[in-house]
Amino acid sequence: MDAVDVPRILLFLLVLNIKNDVIVGLHITKVRVPTPLAVGEGGWLECEFVDEGESIYALKWYLGLDEFYRWTPAENPPVKTFPVKGDPLTVDIAASNRGKVKIHDVTLGASGVFRCEVSAEAPDFHTESDVATMTVVALPEEDPSIRGAGFTHQLHEDVMLNCSSPRSQPPASLTFYVNQELADPSWLITYPPLEDPETGLETAILGLRFPLRPRLLRRGSISIKCTASIFNLYFKSTEASVHADVPFHASIMVDRAATGLGVPGITSNVFFLVVSCLLLLLLTH
Ligand SMILES: *[C@@H]1O[C@H](CO)[C@@H](O)[C@H](O)[C@H]1NC(C)=O
């Protein structure tokens, strides 16, 4: 072999050695957490492993840096739990075993990285760990609502409305519908969520601004809907109508304008102009 091959062979042996370490002995096959959860809910944390003949010394669950659960098969009782600052979750000790842990009453503090760590007995104390992320949602404290500067407007005036979904974490995603259709994106005004300084909960606000065109009117009004959602955990909607303030004769014009006959004011002007020209022609001949 030439000189170039020597580093290559060394690299190959090294890779083989690393691979051996991973395949032989203890390794984690699955780490799963229930996500997303609403505040107060619970579920199962799952950490599965194969020991490949190694004896397990301990399996530990951490939330961030804090260990809250330990299973040590050689000890009695095998399951222990540890308090975590702020009580982000409660472990059901009786229901939990090995890597499978039943939790309930989660708070926002339980959002974060959960780590399962499995270690083997002496002499090598081989340790493996893997993580999964959990999101805890504080559902909005109130249903979404639509507010505006009054719900009756003059034709061609701008309609300005806000939809808000009060105090949740994360803030709700808001969507506006106008006459059952998704609102034109150019009509939307996005505002940063308002944060409650005490609780950290956020109020989502979305603005809608559009000119009140006759073609939008359905029997004199426009229906507006706003939906608020958070992941697959929350979905609520609310509706309002905007009315056009049109006097009776004007509303007939509006209906004509809406059906494509043009604005009567302009039509009569053109008519007047044509009659004037005809008269002028007759007089000059
Ligand atoms: C909509 O909300 C924004 C942000 O809070 C506020 O500045 C604006 O005045 C509101 N508009 C209406 C029509 O309520």
Side-chain angles (χ1 to χ4, degrees), residues 35-41 86 106-112 135-255 257-258 263 265:
T35 189
L37 284 182
V39 167
E41 289 186 338
V106 295
T107 71
L108 287 178
S111 278
T135 302
V136 179
V137 173
L139 301 180
E141 289 180 355
E142 288 166 34
D143 289 354
S145 64
I146 297 174
R147 289 201 185 87
F151 290 99
T152 300
H153 295 260
Q154 303 295 321
L155 275 183
H156 305 289
E157 199 179 77
D158 269 358
V159 176
M160 282 160 74
L161 303 168
N162 277 348
C163 177
S164 66
S165 170
R167 297 179 300 283
S168 67
Q169 184 58 248
S173 307
L174 301 175
T175 307
F176 265 119
Y177 294 82
V178 175
N179 292 329
Q180 322 306 326
E181 279 176 38
L182 212 53
D184 187 325
S186 68
W187 294 355
L188 302 176
I189 305 166
T190 53
Y191 295 104
L194 290 176
E195 190 178 328
D196 181 326
E198 266 175 47
T199 57
L201 299 178
E202 297 181 83
T203 296
I205 304 170
L206 182 65
L208 181 72
R209 177 185 186 147
F210 62 94
L212 204 168
R213 300 267 185 248
R215 65 173 175 84
L216 290 172
L217 293 170
R218 306 282 180 273
R219 293 164 189 266
S221 65
I222 303 173
S223 79
I224 308 287
K225 185 167 85 172
C226 172
T227 64
S229 63
I230 304 177
F231 303 120
N232 57 348
L233 292 178
Y234 180 82
F235 185 90
K236 287 252 166 112
S237 72
T238 180
E239 289 185 41
S241 355
V242 168
H243 304 281
D245 184 18
V246 272
F248 180 69
H249 67 276
S251 77
I252 295 171
M253 290 186 199
V254 167
D255 282 347
V263 180

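Note that ligands are numbered from 1 as they come in the structure, with each ligand's atoms numbered from 1 the same way.
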Task: Candidate pair Ser164 and Asn162, rule side-chain hydrogen bond (donor to acceptor under 3.5 Å, both in side chains), full reasoning - done: CA-CA 6 Å; Ser164 66; Asn162 277 348; over 6 Å; no

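The distance from ligand 1 to the heavy atoms of Asn162 drops below 4.0 Å at these ligand atoms: 1 (C), 2 (O), 3 (C), 8 (C), 10 (C), 11 (N), 12 (C), 14 (O). Of all atoms in ligand 1, numbered sequentially from 1 with element shown, those under 4.0 Å from a heavy atom of Met160 are 13 (C).
In summary, Arg167 and Glu202 do not engage in a salt bridge, as defined by a charged side-chain N under 4.0 Å from a carboxylate O.
Partner of Ser223 under the side-chain hydrogen bond (donor to acceptor under 3.5 Å, both in side chains) criterion, out of Gln180, Glu239, Arg218: Gln180 alone.
Counting heavy atoms under 4.0 Å from ligand 1, residue Ile205 touches it through the side chain alone.
Listed here is the closest heavy atom pair of Ile222 and Val178: CG2-CG1, 3.7 Å.
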